[in-house]
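As structure tokens, the structure follows; a few thoughts come after it.
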There are 2 protein chains.
Amino acid sequence: MAEPYFRRIMADIRARIASGEWPPGHRLPTTVAMRDHYRAAFGSPTLTNSTVRQGVTLLIEAGVLRGQQGQGVFVAD
Amino acid sequence: MAEPYFRRIMADIRARIASGEWPPGHRLPTTVAMRDHYRAAFGSPTLTNSTVRQGVTLLIEAGVLRGQQGQGVFVAD
DNA sequence: GACAATTTGTCCGTATGTATT
DNA sequence: CAATACATACGGACAAATTGT
């Protein structure tokens, strides 16, 4: 396990933010949509919401993202 | 759910560190021991390792703790 | 070196709660 | 009220690193 999935997810999200693809205030895809995306991207057909959440939670804690219940997860300012 | 369990666990660990009870380099109790402790402390007989880990992981990410696989979790310097 | 025991690390699957639309 | 979407928690499985026998 070179890099665990949740870290690869964190890195991917950070990269999109750094590149400007996801600017501050941008709403990320839903948890389920990201799950499906990373399932395809990583070739891991069993990757779960839980793993996506693990990465997202750490980025929220780090202040990179902002979760708003019922609405979505956004790039912090 | 005023404060979720994993946040209460984080707060408790931070408080022990701040008070000097757990100085830098101190080894924390094992995940299972902490699970049992917080089950009693919070009166939640079903609190799991996963929930303890969630709090510990966030504190590791924040640089407060340092996890060493096979050995233990320690207070960072 | 081989092996088991211990402990942290990652991941899966499910259930339920809470907030917004 | 219903649908959507994030938030927390449970419980189990297996992998990886360390230590001791």
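Computed from heavy atoms alone, side chains included, the values below leave out hydrogens, waters and symmetry copies. Chain A is the first sequence line, chain B the second, and so forth, proteins listed ahead of strands; every chain is numbered from 1.
Residue B/Phe6 contributes atom CZ, which lies 12 Å from atom C1' of D/dC6 at whole-angstrom precision. Regarding B/Tyr5, its OH atom lies at a distance of 13 Å from the C1' atom of C/dG17, rounded to whole Å. Between A/Arg53 atom CZ and C/dT16 atom C1' the separation is 14 Å, expressed in whole Å.
Near DNA chain C, meaning a heavy atom under 4.0 Å away, the residues from residues 22-42 of chain B are B/Arg27, B/Pro29, B/Thr30, B/Thr31. The stretch residues 63-77 of chain A touches DNA chain D through A/Gly67, A/Gln68, A/Gln69, A/Gly70, A/Gly72, A/Val73, each having a heavy atom within less than 4.0 Å of the strand. Interface residues of residues 7-18 of chain A facing DNA chain D, ordered by number: none; criterion, heavy-atom separation under 4.0 Å. Of the residues in residues 43-50 of chain B, those placing a heavy atom less than 4.0 Å from an atom of DNA chain D are B/Ser44, B/Thr46, B/Leu47, B/Thr48, B/Ser50, in numerical order.
Among residues at least two apart or in separate chains, there is no salt bridge (Lys or Arg N to Asp or Glu O under 4.0 Å) pair with a member in residues 29-44 of chain A.
Here the nucleotide nearest the side chain of A/Gln54, chosen from C/dC11, D/dA7, C/dG9, is C/dC11.
Not counting sequence neighbours, the partners of A/Pro29 by the side chain to side chain contact (heavy atoms under 4.5 Å, CB included) test are A/Trp22, A/Ala33, A/Met34. B/His37 pairs by the ring-ring contact (aromatic ring centres under 6.0 Å, His included) definition with nothing, not counting sequence neighbours. Qualifying salt bridge (charged side-chain N to carboxylate O under 4.0 Å, His left out) partners for B/Glu21, counting only residues two or more places apart in sequence or in other chains: B/Arg16. The side chain to side chain donor-acceptor pair (under 3.5 Å) check on B/Thr31 picks up nothing, with sequence neighbours excluded. Residues that satisfy the side chain to side chain donor-acceptor pair (under 3.5 Å) test with A/Ser44, not counting sequence neighbours, are A/Tyr5. When the salt bridge (charged side-chain N to carboxylate O under 4.0 Å, His left out) test is applied to A/Arg14, no partner is found at least two apart in sequence or on another chain.
A/Val32 and A/Leu47 end up in different hydrophobic clusters when Ile, Leu, Val, Met, Phe, Trp and Tyr side chains are linked at under 4.5 Å.
Pairing each heavy atom of B/Pro45 with each of B/Gly43, the nearest pair is CD-O, 3.4 Å.
The partner of C/dG17 is D/dC6, by the rule that a Watson-Crick or G-U pair needs both atom distances under 3.5 Å. For D/dC1, there is no paired base (Watson-Crick or G-U wobble, both distances below 3.5 Å).
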Let me check something: any side-chain donor-acceptor pairs from residues 57-68 of chain A under 3.5 Å, sequence neighbours excluded? List them with distances.
residue: A/Thr57; atom: OG1; partner: A/Arg53; partner atom: O; Å: 2.7
residue: A/Glu61; atom: OE1; partner: B/Arg7; partner atom: NH2; Å: 3.3
residue: A/Glu61; atom: OE2; partner: B/Arg7; partner atom: NH1; Å: 3.4
residue: A/Arg66; atom: NH1; partner: A/Gln68; partner atom: OE1; Å: 3.3
residue: A/Gln68; atom: NE2; partner: A/Gln71; partner atom: OE1; Å: 3.0

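Between B/Thr51 and B/Tyr38, the closest side-chain pair of non-hydrogen atoms is not below 4.5 Å.
Distances shorter than 4.0 Å separate some side-chain N or O of A/Thr51 from OP1 or OP2 on C/dC12.
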